[in-house]
Amino acid sequence: MEKINVLVLDVPFHEGMAGTKRVKNLMLPLYKSQQITISNLAIIDISEKDRIGENGTIDGIKYRYVGYSSFVNLFSVIKFYRQGIRFIRKNLRSQSKNVIYYYGYPDLKNLLFILYAKFKNCKVIFDIVEDNRHQQNFHGIAGKIRNNTALFLVKQIPHFGDAIVVISNPLEKWLNAMYLNKIAVYNIPITVDIKKFENPEAPVSKENGISIFYGGSFAPKDGLEYLLKAFDKVCTTYSNLKLILTGVGQAPDMELFFDMVKHNEKVDYRGFLSTDLYYEALKSSDICCMTRNNSLYANAGFPFKLGEFLAAGKAIIATNVGDVPLYLENNRNALLISPESTDEIVNALILCIENKNELRQKLGAEARKTALEYFDDAVLSKKLFDIFESV
């Protein structure tokens, strides 16, 4: 039998945010060692309809973006399904084990692709990284309907899926309790491409100021409002600070964000960055912040950005939620704060600023060790390959 043939479904493989990086980190070591082949059918939202039809090959990996311009446009919907099914059919290999790796919850929009792949004797693996039972941020009735549909379909996964990968202990516990051993659930935490951070620089004082970094989404679960309030307070005492933010969120969340920062010229919002530019911004920063609120939704997940902050050897201020305390210890490899506490973020920032090199170097060195020990993609990808072989 040939090497295992994997088709990544839903999330874009080559460039994107946390979902893309999670799948890419797990897959690329296996691809480069020629244990698997990869293709990618990226299913995009209506808000990105200008990307429909993009396709090509990057580093030997074929990809296609599919979607529809409007769900009431019957011609567009039919074209969406026809192109998607054609891509799946063309990228299956008769002499290989074919695996569909689906990032996220199944939903009605994408279910036909999953069922078609199953009909073609593919093994189907889902990667679940959030507990949508506790999702509150819908931005409209359509979002709420889609979430409720996904929660119904996730219960049905044993009927059309072969395994589930989760990112945290709370998710593993919930799904195992729901499925009662009807389907295997595997826990693979966040991963980081250590090679991208091979020679992290020790943090040193800069005459031109201190940069604080946040990268990710801008949803309520991210607790960004508490970081912004804390930064405003710290700026009244220290004039040489800059807050760098990267990433993008839903339109209503971004409106709130811009309203909160419009008065502070020390906030440097750079939008969604390519992977290389993102890493450049991260590596040049002095302090990294991983904030979350105290919702059940935030506690069930595991912020992907944390692995990159650790690997970069940075001083990290992290909210103590979910699985975070399994890996981080306050004042050893990070400064842990309570969720939704502006005052604790203020105190942690001041501690990093006042102690300058000594504290930041100590935290950064231990952070790097933590990344190497727990989140190295070269190690965790082997666990994923074992799953591919077992299904």
Side-chain angles (χ1 to χ4, degrees), residues 14-22 24-25 28-29 190-218 222 224 227 231 234 238 240-248 266-291 302-319 324 327-328 332-335 345 348-349 351-353 355-380:
H14 294 289
E15 193 67 62
M17 294 182 65
T20 292
K21 291 181 179 180
R22 172 166 172 80
K24 196 171 185 176
N25 284 357
L28 272 187
I190 56 174
T191 60
V192 64
D193 184 351
I194 296 295
K195 296 183 294 299
K196 299 289 187 182
F197 305 94
E198 285 184 336
N199 298 299
E201 297 180 4
V204 294
S205 298
K206 300 175 184 175
E207 294 298 325
N208 61 345
I210 295 173
S211 56
I212 301 160
F213 182 84
Y214 170 89
S217 62
F218 291 70
D222 297 300
L224 194 56
L227 173 60
F231 183 71
V234 176
Y238 304 93
N240 62 338
L241 303 180
K242 178 169 64 173
L243 176 60
I244 299 171
L245 300 111
T246 73
V248 69
K266 296 182 184 297
V267 175
D268 179 6
Y269 173 63
R270 301 185 183 180
F272 173 77
L273 300 178
S274 68
T275 300
D276 289 341
L277 289 177
Y278 172 82
Y279 286 147
E280 182 181 318
L282 167 56
K283 291 175 183 178
S284 64
S285 299
D286 302 294
I287 304 165
C288 291
C289 295
M290 189 287 291
T291 52
F302 197 169
F304 185 88
K305 64 178 77 70
L306 182 57
E308 295 172 325
F309 294 173
L310 291 164
K314 298 298 180 180
I316 300 168
I317 298 171
T319 307
V324 169
Y327 304 98
L328 301 187
R332 183 181 69 83
N333 51 6
L335 295 179
I345 299 175
L349 285 171
L351 196 60
C352 286
I353 295 167
N355 282 271
K356 297 183 180 178
N357 299 338
E358 183 179 354
L359 178 64
R360 296 208 298 268
Q361 286 178 357
K362 184 192 82 167
L363 293 174
E366 290 299 319
R368 171 76 176 176
K369 292 178 184 177
T370 303
L372 289 169
E373 182 176 359
Y374 295 108
F375 306 127
D376 185 351
D377 64 344
V379 175
L380 292 173

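Values reported hereafter were calculated over all heavy atoms of this structure, with side chains retained and with hydrogens, waters and symmetry mates removed. Just so you know, residue 1 is the first one in the sequence shown, and it goes up from there.
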Is there a donor-acceptor pair closer than 3.5 Å between any side-chain N or O of T291 and the backbone N or O of D222? yes

Any side-chain heavy atom of V324 sitting closer than 4.5 Å to one from M290? yes

Would the distance check show the side chain of R360 and the main-chain N or O of I287 forming a donor-acceptor pair, the cut-off being under 3.5 Å? no

Would you indicate whether the side-chain heavy atoms of K369 and N333 approach each other to under 4.5 Å? no

Identify the two heavy atoms, one from G307 and one from A371, that lie closest to each other, and give their separation to 0.1 Å. O-CB, 4.3 Å

Flag for T20-E15: side-chain donor and acceptor within less than 3.5 Å: no

For the NE2 atom of H14 and the NZ atom of K24, what is their distance to the nearest 0.5 Å? 7.0 Å

Is there a side-chain contact between L282 and F197, using heavy atoms and a 4.5 Å cut-off? yes

Step through it carefully: locate the ring centre of Y214, locate the ring centre of F231, and say whether they are under 6.0 Å apart. no

If we only count heavy atoms from C-beta on, is the I317 to L349 side-chain gap below 4.5 Å? yes

Between the side chain of K314 and the main-chain N/O of K283, is any donor-acceptor distance below 3.5 Å? yes

CZ (F272) and CZ (R270) are apart, to the nearest 0.5 Å, by 15.0 Å

So L306 and I316, do their side chains get closer than 4.5 Å, heavy atoms only? yes

Would you say L277 and T246 make side-chain contact, with heavy atoms under 4.5 Å? no

With sequence neighbours left out, what residues match Y278 under side-chain hydrogen bond (donor to acceptor under 3.5 Å, both in side chains)? E308

Considering non-hydrogen atoms only, spot the tightest contact between C352 and L335 and give its length. SG-CD1, 3.7 Å

Can you see which heavy atom on L359 is nearest to which on N355, and at what distance? CB-CB, 3.5 Å

Among residues at least two apart in sequence or on other chains, which ones pass side-chain hydrogen bond (donor to acceptor under 3.5 Å, both in side chains) with Y269? none

Is there a salt bridge (Lys or Arg N to Asp or Glu O under 4.0 Å) between E198 and K195 once you walk through the steps? CA-CA 5 Å; E198 285 184 336; K195 296 183 294 299; over 6 Å; no

With side chains defined as the heavy atoms from C-beta onward, is the minimum distance between V248 and M17 less than 4.5 Å? yes

K242, NZ: over 12 other non-hydrogen atoms inside 6.0 angstrom: no

Taking it one step at a time, do T191 and F304 satisfy side-chain contact (heavy atoms from CB on, under 4.5 Å)? CA-CA 7 Å; T191 60; F304 185 88; 3.8 Å; yes

Point-to-point distance, once rounded to the nearest 0.5 Å, from CG of L310 to CD1 of I190: 6.5 Å

To the closest 0.5 Å, what do you measure between CD (E280) and OG (S274)? 8.5 Å

If you take all heavy atoms of F213 and S285, which pair is closest and at what distance? CB-OG, 3.3 Å

Write down the atom of L328, the atom of A318, and the distance for their closest heavy-atom approach. CD1-CB, 3.9 Å

Residue list, side chain to side chain contact (heavy atoms under 4.5 Å, CB included) with D376, at least two apart or on another chain: I194, A378, V379

Measuring from N25:CG to K196:NZ, what's the distance to the nearest 0.5 Å? 9.0 Å

What distance do Y327 atom OH and T370 atom OG1 have between them, rounded to the nearest 0.5 Å? 11.0 Å

